[in-house]
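In this chain, numbering begins with 1 at the start of the sequence shown.
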Amino acid sequence: MMKEKLYLYDTTLRDGQQTQGVQFSTAEKHRIVEALDALGVDYIEGGWPGANPTDSAFFDEVGKTRAVMTAFGMTKRAGRSAENDDVLAAVTNAGTPAVCLVGKTHDFHVTTALGISLEENRENIRASVAHLVALGREALFDAEHFFDGYKANPEYALACLREALEAGARWIVLCDTNGGTLPHEIGAIVREVIAAGIPGARLGIHTHNDTEMAVAGSLAAVDAGARQIQGTLNGLGERCGNANLTALIPTLLLKEPYASRFDTGVTAEALKGLTRVARMLDDILNRVPAKQVAYVGASAFAHKAGLHASAILKDPTTYEHIEPGLVGNRRVVPMSNQAGQSNLRRRLADAGLSVEKGDPALARILDRVKAREAEGYSYDTAQASFELLAREELGQLPEFFEVKRYRVTVERRKNKYDRMVSLSEAVVVVKVGGEKKLSVSESMDDCGNDRGPVNALAKALAKDLGPYQSMIDDMRLVDFKVRITQGGTEAVTRVIIDSEDGQGRRWATVGVSANIVDASFEALLDAVRWKLIRDGAAS
């Protein structure tokens, strides 16, 4: 059966940038475009040219893409023609093959926010879309506040859509701008819009996540007949965000009836890169990826309970709705004091360690995990540290180097501008292959800012490991979490460090001590050792 085309429209670079604390540089925008284009989305909305220097620079530099590059703007203002509106001109001058214009469809917003008549607003929509079509551009009309407007005055909301459609708009996008319309309402209204004469093949859906239902609302619109979905990577967007494409895309490709019915343009091979793309965006934003998000989260396929892990060993479909590799993710069987031998053997197998059922080493590993967690360690998330612990009990932990001593100092002083600044310095002495090596490093970054004692330690440790140096050059710290596990004078500090390398691998390690620097250094050592093992270093 011939599949029906369902178009994917990404607005990460425009609507996603409305997220509090998010601001993309021009270079970052180009990097995201490259990833989106490789993923296979149909439209990439690059921003609002003329609204800020970054967006304008982006459109000046953007190259050819397979996806339809789209500029965003608004319909012309009242009292001037489309040809003489400088804001609209900035959008069309971007030279993109498609232009998306937002316009009001809720009568309340027309009279209150714009302060113009309902007739003037309809004319602004018609004239603006007609202007784009006359310039040979593919026109999209974002019907702002459409669902609220339809509930309040369906005749007027539909009249606005007809103005855009009759003026030549390729797409009429129904926007749930406030994010409060529930999925069943979206489905019913989309059906009524189609029944009123707006073809479903010309309808798009743009939902916000204020009720945590943006993905469900988008699917409801598709079920009702809409054939374009707008969304953002990782659900970025104003307030609670937009429909999350990293959840929508795999649902459309892997779940029925969508998988059999629609062609999204995203191939099965491209889908395997979805987790990498999601984490790349978090890396650009310098934020830790949310672990429990659908499909691409680090915990999306984590199985902690012993009962679950036992079943997973027999058949992964017992507790997994898809195979993790389809979206580029992986199965995780965490270790904790709740674990049984099923969890343990599965986790060891994932690490490439084959241990027969009933092997005495299994009981020793479990006992040690439980004892260590009683001391404050947590192997639930620190999978790399667990693997090193298990390897040690199994006699399979290579001794790459030995740390003979280390020292960290923190100095507070005035700089040449008479401002108080901090500077951390670390000295690490390691013994590699019978040779002692001393490394010194400061915590100052390229901008002259102090990054703290742990940063200084990490830099010093990774400065000279002799024959292993090339293996750790692409390694970096991406997250650092501190937890006090006991109070008062008995306080114990637990540090969990997330690391990443040039292959996109992420791993977590843990350290525990009454001293935060000692705990941090223990986690750092584990991170380096795990990396060397995974890269096949010879001890």
Side-chain angles (χ1 to χ4, degrees), residues 5-19 22-52 54-74 90-102 132 137-142 169-171 173 175 204-207 214 218 227-238 241-250 252-253 263-267 270-271 273-274 276-278 280-285:
K5 176 64 178 174
L6 182 62
Y7 294 83
L8 298 175
Y9 184 109
D10 181 273
T11 180
T12 302
L13 302 181
R14 199 273 306 173
D15 220 352
Q17 193 167 241
Q18 303 306 310
T19 308
V22 169
Q23 183 65 47
F24 299 119
S25 68
T26 301
E28 288 168 344
K29 283 197 164 196
H30 287 300
R31 186 178 169 194
I32 294 168
V33 165
E34 184 178 347
L36 287 169
D37 208 33
L39 186 59
V41 301
D42 299 288
Y43 292 84
I44 299 174
E45 189 174 80
W48 190 328
N52 59 70
T54 300
D55 282 5
S56 298
F58 167 78
F59 285 107
D60 287 341
E61 300 172 10
V62 69
K64 186 174 179 57
T65 56
R66 181 205 52 77
V68 179
M69 186 56 60
T70 308
F72 181 88
M74 66 181 185
V91 178
T92 57
N93 288 343
T96 56
V99 175
C100 182
L101 297 181
V102 62
L132 295 181
R137 308 297 174 80
E138 180 178 343
L140 296 89
F141 174 62
D142 259 14
R170 166 65 182 90
W171 291 106
V173 184
C175 302
I205 181 68
H206 179 114
T207 57
S218 297
R227 290 298 175 260
Q228 185 199 88
I229 293 180
Q230 295 197 355
T232 60
L233 290 176
N234 295 354
L236 290 184
E238 196 166 17
N242 289 37
N244 190 347
L245 288 179
T246 60
L248 274 166
I249 291 172
L252 293 169
L253 266 70
D263 173 22
T264 64
V266 179
T267 65
L271 186 64
L274 187 66
R276 178 185 56 79
V277 172
M280 177 208 73
L281 180 62
D282 284 322
D283 181 63
I284 288 173
L285 297 175

Yes or no on side chain to side chain contact (heavy atoms under 4.5 Å, CB included) for Val91 and Met74, after CA distance, side-chain angles and deciding distance? CA-CA 9 Å; Val91 178; Met74 66 181 185; over 6 Å; no

What closest approach, in Å, do Phe24 and Leu236 show between heavy atoms, and which atom pair accounts for it? CZ-CD1, 4.1 Å

Donor-acceptor check, side chain of Arg137 to backbone of Cys100, threshold 3.5 angstrom: yes or no? no

Report yes or no: does Asn242 contribute a side-chain atom to a donor-acceptor pair with the main-chain N or O of Gly231 at less than 3.5 Å? no

Which side-chain hydrogen bond (donor to acceptor under 3.5 Å, both in side chains) pairs, counting each pair once, include a residue from residues 24-33, with sequence neighbours left out? Ser25-Glu28, Lys29-Asp55, His30-Glu61

Distance in Å, Leu233 CG paired with Asp10 CG, rounded so as to fall on 0.5 Å steps: 5.0 Å

Lys5 and side chain to side chain donor-acceptor pair (under 3.5 Å): which partner among Asp263, Thr264, Asp42? Asp42

Interatomic distance, CD@Glu238 vs CD@Gln17, rounded to 0.5 Å, equals 12.0 Å

When you measure from the centre of the six-membered ring of Tyr7, is the NZ or CZ of Arg170 under 6.0 Å away and within 45° of the axis? yes

Taking all heavy atoms of Ala90 and all of Gly50, pick out the closest pair and write down the distance. CB-CA, 4.2 Å

Return yes if some donor-acceptor pair links the side-chain N/O of Gln230 with the main-chain N/O of Gly204 below 3.5 Å, else return no. no

Interatomic distance, Arg276 atom CZ to Leu281 atom CG [nearest 0.5 angstrom]: 12.0 Å

Pair Leu8, Leu252 - check side chain to side chain contact (heavy atoms under 4.5 Å, CB included), show working. CA-CA 11 Å; Leu8 298 175; Leu252 293 169; 4.0 Å; yes

Is Asp37 reaching over with its side chain to a backbone N or O of Arg66, donor-acceptor style, under 3.5 angstrom? yes

Restricting to ring pair (Phe, Tyr, Trp, His ring centres under 6.0 Å), what partner residues turn up for Phe59, sequence neighbours left out? none

Closest non-hydrogen atom pair between Ile44 and Val33, with its separation: CD1-O, 3.9 Å

Counterpart residues, side chain to side chain donor-acceptor pair (under 3.5 Å), relative to Asp283 (two or more places apart): Arg476

What's the shortest heavy-atom distance between Trp48 and Arg14, and which atoms? N-CG, 4.2 Å

Asn234 backbone acceptor or donor facing Asn244 side chain under 3.5 Å: yes

First locate atom OG1 of Thr246, then atom CG of Leu271, and finally report the distance between them rounded to the nearest 0.5 Å. 11.0 Å

Determine whether a donor-acceptor pair (N or O, by modelled atom type, separation under 3.5 Å) exists between the side chain of Thr11 and the backbone of Tyr9. no

Got a donor-acceptor contact below 3.5 angstrom from the Ser218 side chain to the Ile229 backbone? no

Would you give the length of the straight line joining atom CH2 of Trp171 to atom NE2 of His206, rounded to the nearest 0.5 angstrom? 15.5 Å

Using every non-hydrogen atom in the two residues, find where Val266 and Leu39 come nearest and quote the distance to one decimal. CG1-O, 3.5 Å

CG of Leu36 to CD of Glu45: how many Å apart, nearest 0.5 Å? 12.0 Å

Taking every non-hydrogen atom, the tightest pair across Leu101 and Leu132: CD1-CD1, 3.6 Å

Is the backbone of Gly237 close enough, under 3.5 Å, to the side chain of Thr19 for a donor and an acceptor to pair up by distance? yes

